[in-house]
Every structure is written in C-alpha cells, then in structure tokens.
Amino acid sequence: MITALAGGVGASKLLRGLVEVVDPRELTVIVNTGDDIDLFGLYISPDVDIVTYTLAGLVDEEKGWGFKDDTFHCLETLKLYGYDTWFKLGDRDLATHIHRTLLMKAGLTLSQATAMISKALGVRSKILPMSNDRVTSMVKTDRGVMTFEEYLVKHSMVPEVRDVFYAGVEDAKPAPGVVEALEEAKVIVICPSNPVVSIGPILSIRGVRDALRRAQARIVAVSPIIGGRPVKGPADKLMRALGVEVSAYGVAEMYRDFLDIMLIDEADVKLRPRIETLGIKVAATSTLMKSLEDKIRLARLVLKEGLKH
Ligand code: FO1
C-alpha cells in the first residue's frame, strides 16, 4: 500500500501520476480537512473534493478544482437573491455538497460520506479525511482572524498574515484508518502541498506525527517550493509569517523529525547540503507538473526513492 498525505490542487497532480504507475486500489490518500467551510447550509470539503474529482478523472484540470465543464446557474441565481457568492460553487459540485450534507445530517461521518461519494464517482483508491472532528485552519491577519478559504478566495491573499492556527485540533482524533494507513504503508508520500495549511493540519492531529516517526515505510516528500516560491497559492506568505525560510530547506525543516527523502527541483540543487545536514536524503529533478507525462515521471521517481533500500 502507498499512503499519501495531501492537500488539494498541488497534491492532486502527483496523485494523478501515482494512479498511473500503481494499481489505484493500492493507494490511500489522507486528506486535509482544515479548509472545510459551511456555505448556504452546506458542508464543503474543498481538498477532499479536489482529490476525489481528480482520481475520478472529473476535475477541471485548468483550475485544479471543481468538476470540468461545470455550470454556475445555481450560484448566479443565489447572487440575484442577494447572497455573497465569493466561493465559486458549480452546479455539479453543489450536488456533492448537498449529498454530503444530507448524509452527515442523517448521522454518517465525513469518512463515510467521503467513501460513498468517491465510490459513486468511480474512484478506486481510498480517500480518508484526516479527521471526522471539525478542525479549521484560521489565519490571523491585519484585517482580523479569518478562515483559510476566506483569506485565499474572498480576500485574494491580500491581508498581511501574522499567524496561523488550527481551531479544534486539540480535540480532534484521526479518522478511522488514518494511523493504520501510515503503519501498513510500503511507501509514505508527502505531496507537494502547502506545508502550513495543507500538510500542517494533518500533522497536528493527535497521533499522526508519532505514527510517521514510527513508520516502517520510507517517507518521501516533494517540495511545493521551487526557487523560493510556491508553485501556486500562499505558502510563501504563511511560511514567512511562521518564521520559516521560504525554500525546500524550510519545508524539510518542518518535516525533519520523520522525513527520509526530500525531492527538490533541479533549480534548488544548491540547497542539497543544507537539507542533508537535517539527516534527510535529497533527490533533485524537474518537479513542475504540467502534463500528464510530468506527473507520471515524478510519481515514478517518488516510488523509486521510496522503495530503495
Ligand atoms: N479556489 C479559488 O481560488 N476560488 C474559488 O472560488 C474556489 C471554489 C472552490 C469550490 C469547490 C472546491 O472544491 C474548491 C474551490 N476552490 C476555489 C479551490 C480551493 O478552495 C483551494 O484551492 C484549496 O482549498 C487549497 O487547497
């Protein structure tokens, strides 16, 4: 079994490659739920949906989120009624949120709802939300405290970030299967996701970091930072706010207590000796994933490094 820790868009590119090189049934993905929000009375789990739609072959590849070819009639009508429609929920996407909300109102957990949705969409890999307890990534800014999605989408990453915290994490337990997936994995992959608001919340769930430290499997991370900049999103702003160097080295430092191998971009080879001083092996390659070929090539390399003895 291959177990991956994942956020949304960046992670899904690598996951798309992984399911081309291993039997999709051999892949378990532990997904961040710190981005989850309630809108229009619906429970929305952006990263879980991005991973699910990607592995179902249904994601809008250009945006990296939502269903491809979705329409926005419902949202346009909500806007007409005077609602704030800053979060772009497509019509098909809304069906997922309605279904999930109804399942959870009927007493199912987020894990159970996720399993039903991914099965209905034809996903063969296992998608595990990090927790069934509510954890929300909150960003402290010069314009007040807001959820990560508000910071990212509503405020377009403009407010100055002062701190990040995960509301509810103290009481959150890992979802069923999460710790087992780390214990039983042959290789553990930390996807190229934001280390603060995508991988960070997963690592903060009680028992997860310990399970990674104890894991038998080799743990391979792909750096989401290339040449001092994130491929997409606000990782640089959030890392800087936490006093972490914005580089593959900074990411390696955040994972130093459990990471075996860091895959960095060729542009960052000069960081190799510093990362190696953390006791982490380094492999350098082109880590930008534009085409399906890029995704497959990187996935192959991740597995090769993870399976080396
Ligand atoms: N990202 C945006 O930048 N703008 C949006 O309006 C938006 C809507 C959206 C709807 C459903 C969904 O599953 C994801 C959506 N995303 C949107 C992407 C997403 O919120 C972020 O990229 C991830 O949460 C970061 O991992």
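Values reported hereafter were calculated over all heavy atoms of this structure, with side chains retained and with hydrogens, waters and symmetry mates removed. Position 1 is the first residue of the sequence; numbering continues from there. Just follow the structure's listing: the first ligand is 1, and inside any ligand the first atom is 1.
When heavy-atom distances to ligand 1 are checked against a 4.0 Å cut-off, Leu152 comes that close only through its side chain, counted from C-beta outward. Only the side chain of Asp93 comes within contact range of ligand 1, with a heavy atom under 4.0 Å; no backbone atom does. Residue contacts with ligand 1, taken as heavy atom pairs separated by less than 4.0 Å, involve Glu149 solely via side-chain atoms from C-beta onward. The part of Asp47 lying near ligand 1 is the side chain, judged by heavy-atom distances below 4.0 Å.
At least one test fails for Arg100 against the ring of Tyr43: distance under 6.0 Å to the centre or angle within 45° of the axis.
For ligand 1, one of its N or O atoms has an N or O atom of Asp35 under 3.5 Å away. For Lys88, a nitrogen or oxygen atom sits less than 3.5 Å from a nitrogen or oxygen atom of ligand 1, counting backbone and side chain alike.
A salt bridge links Arg209 with Asp257; the closest basic N to acidic carboxylate O contact falls under 4.0 Å. With salt bridges taken as basic N to acidic carboxylate O contacts below 4.0 Å, none links Arg297 and Asp294. Using a cut-off of 4.0 Å between Lys/Arg side-chain N and Asp/Glu carboxylate O, Glu245 and Arg274 are scored as salt-bridged.
No side-chain heavy atom of Asp133 sits less than 4.5 Å from a side-chain heavy atom of Arg206.
When all heavy atoms of Ile264 and Ala248 are compared, the pair lying nearest together is CG2-CB, 3.7 Å.
Distance check: Asp38 CG to Thr101 OG1 gives 8.0 Å after rounding to the nearest 0.5 Å.
Of the protein's non-hydrogen atoms, Phe87 CE2, 3.3 Å is the one closest to atom 10 (C) of ligand 1. Annotation: atom 22 (O) of ligand 1 to nearest protein heavy atom, Val9 CG2, 3.9 Å.
Residue Gly8 has at least one heavy-atom neighbour below 4.0 Å for each of these atoms of ligand 1: 26 (O). Residue-ligand proximity, Val153 to ligand 1, at heavy-atom distances under 4.0 Å covers atoms 1 (N), 2 (C), 3 (O), 4 (N), 5 (C), 6 (O).
For the residue pair Tyr249 / Asp268, no side-chain donor-acceptor distance below 3.5 Å is found, with atom types taken as modelled.
Heavy-atom proximity to atom 15 (C) of ligand 1, evaluated over Tyr53, Trp65, Phe67, is greatest for Trp65.
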